[in-house]
Amino acid sequence: MALRYWINGGVDNNWGTSGNWSTTSGGGGGAGVPSSSDDVTFDGGGNVNCTIATSNRAAKTLTITSGYTSNITYTTNLSVSGSITINAGHSVTMSGAGTLNMVTASGTWTSNGYIYSIPLGINASTTITLADDLKTTSNYTSNNGVVLTSNNLYVGGSVSVASGNASGTANIILNGTGTLSSTGGASIKNNITINSASSVTLGNFTYNT
C-alpha cells in the first residue's frame, strides 16, 4: 500500500499520467498512477482539475479534503476497494458519465452532505456502512449481494440490482426520474420510498422483505 496525492505536476489533467501523482501533499510528481492498493488523496496541494479517462482506474481508498476545490471529471469508471471519504467543508465538483464504484470486502462511505451528480455503484458481497446519507442525482447500481447499512441512499435516477440480493437497514429513496429493476434472480430487500415528486418506471424486479 502506498500514498498517492494528486498534484497535476504541470503535465496534463489526466489521472492516468504518472507525473501527476506524488507520495506527499504538494510534492514532486512521478510517483506512478494509483492502483487498487494505493490510498488516493485530493487536497490543497494539488488544487487543479482531474480527468479520469482513457481506461478505468482504481484506488484502495479515496479521500477528498476541503482544500480541493476543483473538478473531477469521470469519463471512465473509478473503482475504490476500501472506503470513500469527502471531508466536511468540501467544495469539490464531480461530473461526467463514468461511475464511482465501491468494490470492497468491507468499507465506509462518508459524504458529509455532498450530493453526487455522477452514477454510483457498489459491487461487493459484504456489508457497506453509510456514515451519513449518500445522495446522487444520477443512477445507482448494486451488484454481488450488497448489504447496505445505516442512514439513507437517495437516488435521482435509476436503481439497478444484479448478481445477488440488495439488503440491509439503509433505506433507498427514489426522488427523481428513473427505472427500478433487478436482474439475474436478484431481489431488493431494503426499504424503498418513492417520493411523490418522482417519476419512477417499474422494470422487471423482485422485492423481498
Side-chain angles (χ1 to χ4, degrees), residues 52 56 59 61-62 64 72 74 76-88 90 92-209:
I52 302 171
N56 293 335
T61 63
L62 175 65
I64 301 174
I72 303 175
Y74 290 74
T76 55
N77 301 334
L78 173 61
S79 294
V80 179
S81 55
S83 295
I84 297 172
T85 304
I86 299 182
N87 287 348
H90 50 72
V92 63
T93 57
M94 298 187 195
S95 60
T99 300
L100 174 58
N101 285 307
M102 179 178 278
V103 289
T104 178
S106 62
T108 300
W109 199 320
T110 305
S111 300
N112 277 302
Y114 184 79
I115 300 175
Y116 295 87
S117 60
I118 58 173
L120 304 180
I122 301 180
N123 302 287
S125 55
T126 188
T127 299
I128 302 299
T129 301
L130 301 182
D132 44 26
D133 288 344
L134 178 61
K135 300 180 180 181
T136 179
T137 59
S138 187
N139 302 325
Y140 170 77
T141 303
S142 169
N143 287 299
N144 297 318
V146 178
V147 180
L148 202 59
T149 67
S150 308
N151 296 293
N152 301 309
L153 168 64
Y154 290 83
V155 181
S158 297
V159 172
S160 176
V161 177
S163 304
N165 301 327
S167 61
T169 58
N171 300 309
I172 298 176
I173 301 171
L174 305 178
N175 59 357
T177 301
T179 300
L180 175 63
S181 63
S182 63
T183 59
S187 63
I188 302 173
K189 296 186 176 184
N190 301 79
N191 288 335
I192 298 174
T193 299
I194 300 176
N195 283 347
S196 59
S198 301
S199 178
V200 176
T201 300
L202 299 182
N204 293 322
F205 81 99
T206 300
Y207 184 78
N208 184 345
T209 58

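- Atom CG in N195 sits 8.0 Å away from atom CG in L174 (nearest 0.5 Å).
- Between the side chain of S81 and the backbone N or O of V103, no donor-acceptor pair lies under 3.5 Å.
- At least one donor-acceptor pair closer than 3.5 Å links the side chain of S83 to the backbone N or O of T108.
- In this structure, CG on N190 lies 6.0 Å from CG on L148, to the nearest 0.5 angstrom.
- Judged by distance alone, the side chain of S150 and the main-chain N or O of T129 form no donor-acceptor pair under 3.5 Å.
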Start with the C-alpha distance between H90 and I64, add both sets of side-chain angles, then the distance that settles side-chain contact (heavy atoms from CB on, under 4.5 Å), and finish with yes or no. CA-CA 8 Å; H90 50 72; I64 301 174; 5.8 Å; no

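- Contact detail for G121 and W109: the closest heavy-atom pair is O-CZ3, 4.1 Å.
- Checking side-chain atoms of T61 against main-chain N and O of V80 turns up no donor-acceptor pair under 3.5 Å.
- Between S117 and S138, the shortest heavy-atom contact is O-CB, 3.9 Å.
- For the residue pair S158 and V155, the shortest heavy atom distance occurs at O-CG1, 3.6 Å.
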May I have the step-by-step check of side-chain contact (heavy atoms from CB on, under 4.5 Å) for V200 and L202, ending in yes or no? CA-CA 6 Å; V200 176; L202 299 182; 4.2 Å; yes

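- S142 pairs in a side-chain contact (heavy atoms from CB on, under 4.5 Å) with only one of the listed residues (V161, I172, L120, I188), which is V161.
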side-chain contact (heavy atoms from CB on, under 4.5 Å) for L78 and M94? Distances and angles first, verdict last. CA-CA 12 Å; L78 173 61; M94 298 187 195; over 6 Å; no

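- A distance of 6.0 Å separates CG of L130 from CD1 of I122, quoted to the nearest 0.5 Å.
- Counting only distance, with no hydrogens or angles, the side chain of N56 and the backbone of N77 share a donor-acceptor pair below 3.5 Å.
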Would T99 and T141 count as a side-chain contact (heavy atoms from CB on, under 4.5 Å) here? Give the steps. CA-CA 9 Å; T99 300; T141 303; over 6 Å; no

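- Summarising the geometry, atom OG belonging to S79 is positioned 4.5 Å from atom CG belonging to N101; distances are rounded to the nearest 0.5 Å.
- We find the CG-CD1 distance between D133 and I173 to be 7.0 Å, quoted to the nearest 0.5 Å.
- Taking both residues in full, the closest heavy atoms of S167 and K189 are given as CB-CB, 3.8 Å, listed atom of the first, atom of the second, then distance.
- A donor and an acceptor atom, one from each side chain of N152 and N171, are located under 3.5 Å apart.
- The CG atom of D132 lies 13.5 Å from the OH atom of Y114; values are rounded to the nearest 0.5 Å.
- Shortest non-hydrogen contact noted between S111 and L134 is OG-CD1, 3.6 Å.
- One side chain, S187 or N165, offers a donor N or O that lies under 3.5 Å from an acceptor on the other.
- The two residues N143 and V146 have their closest heavy-atom pair at O-CG2, 3.3 Å.
- S181 places no side-chain N or O within donor-acceptor distance of the main-chain N or O of S160, the cut-off being under 3.5 Å.
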